[in-house]
Number of protein chains: 2
Amino acid sequence: MKKKEAILKVATVLFANKGYPDTSMQELSRLTGAAEGTIFYHFGTKEGLLLAILKQTRETIVRQFEEFLEAREFGSGLSRVEETVSFYLYLAGFLEDQFLLLHRHHVYQFSETNPEFREHLEEIYNCLTDFFEWAIIAGQEDGSINPELHPRKTALILFTMVDGLVRFKNYNLYDAGALFNELMNACRTMLQAPQRNN
Amino acid sequence: MKKKEAILKVATVLFANKGYPDTSMQELSRLTGAAEGTIFYHFGTKEGLLLAILKQTRETIVRQFEEFLEAREFGSGLSRVEETVSFYLYLAGFLEDQFLLLHRHHVYQFSETNPEFREHLEEIYNCLTDFFEWAIIAGQEDGSINPELHPRKTALILFTMVDGLVRFKNYNLYDAGALFNELMNACRTMLQAPQRNN
DNA sequence: ATCAAAACTGAGTGACCACTCAGTTTCGGC
DNA sequence: GCCGAAACTGAGTGGTCACTCAGTTTTGAT
């Protein structure tokens, strides 16, 4: 099982950083110390290797978020949203290669023809959006979040913002870290329940 | 000049939709009716072809935004932001292939070694962010937008949101159109100047 | 110690790739 | 109509690619 794990690990880094078509099995073989034949023995095809990586990514991300949710006690629903956003950004740094892979086009391309790809992707995105939505609903129940907002759609808008920031970071377009405070402020302002007049 | 234009046009569609490495010169030759040699006669290398497409994309996007800005009369700064966001989304649909290309990894990969790529990309992103920033500054001057917001950073957050939505649409992850109203609401709420108490 | 299954090997294969080049056709100014 | 330049051609080239397969090594249960 040693070689199989090494291949998965190295291939994740290469597919995420160099891209799927630009990573050759020869290179993968050289960097893992496994023969080319070994890779095909374990994963069948190059596409099969990418699928195995996506599966592992899904399991890791979902588990990490579930552990976060279990371990944390939240104050208001609004602060739960804020902490979820923070955790998303932390995780995108901690699991940098996996999140980069999710911004790569090949997983979406394969998902158009291979239902297993689509299933993993949907699970990941549904899971992430759910965590935002639950936090919003909690906030609407405790009065810290505007009750007129549509929870699911607002969760998607939040997700859009956070995921866009991760993309900026990954592409080195801007110093995304410098935007953290602005992002949190924007989230807070757009969600906040309308203030009562004095 | 007929063949050169046809190659640019078809290559834009293929690079954007199939990806750069998955598009072969043979295929490009077949679809344009130009010989393979013709492509290399005009663009030198495959990378040179991508660069020419990026250059054209930059020119088109920048020109379109400038025309939009000249033609429109805006009410408040806040409504100028809203119209800029709308126009961005409209343009991302109208120039679908070009915007898809900007979400492809290869242009960023080449920009790490080829300064011409980086220059075009920076120009595009700076230009887009500028338009958001100017609208925010206008809104802060006429009192429709919270004066405590950092114009540039807030412009980047706006850009993150809008660009993230375009990405969702391009990847068919969600019905992005259904989020339009929520996006506009979110922008309005996060920018709005604090309401005076009655 | 034995043995079958699982893991692993790496040279070999055919297909495809970006790119070349020697030659042909088209175009525009006179 | 002539001529040089620009546009265009497509068979050919060397290299790389994903994948195969016949054979070897490792593993673990008995």
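All chains are named by letter (A, B, ...) in the order of the sequence lines, taking the proteins before the strands, and each is independently numbered beginning at 1.
A distance-only check finds no donor-acceptor pair linking the side chain of B/S29 to the backbone of B/M25 [under 3.5 Å]. Counting only distance, with no hydrogens or angles, the side chain of A/K46 and the backbone of A/T23 share a donor-acceptor pair below 3.5 Å.
Note on ring orientation: taking the six-membered ring where Trp is involved, the planes of B/F131 and B/W134 are perpendicular (angle over 60°, cut-offs 30° and 60°).
Between A/N170 and A/R167, the side chains place no donor N or O within less than 3.5 Å of an acceptor N or O (distance only, hydrogens not considered). Looking only at atom types and distance, the side chain of B/N146 has no donor-acceptor partner in the side chain of B/Q192 under 3.5 Å away. If you check the side chains of B/Y171 and A/H105, you find a donor sitting under 3.5 Å from an acceptor.
As a whole-Å value, the separation of A/K2 NZ from D/dG28 P is 12 Å.
Checking the phosphate oxygens (OP1, OP2) of C/dA7, no side-chain nitrogen or oxygen of A/T38 falls inside 4.0 Å.
With respect to A/D130 and A/R152, a salt bridge is recorded, a charged nitrogen being found less than 4.0 Å from a carboxylate O.
Looking at residues 39-48 of chain B, you'll see B/Y41, B/H42 sit with a heavy atom under 4.0 Å from some atom of DNA chain D. Within residues 18-31 of chain A, no residue has a heavy atom under 4.0 Å from DNA chain C.
Checked against D/dT9, D/dC19, C/dT9, the side chain of B/K3 finds its nearest nucleotide in D/dT9.
Of the inter-residue distances, the one linking A/D22 atom CG with A/H106 atom NE2 reads 8.5 Å to the nearest 0.5 angstrom.
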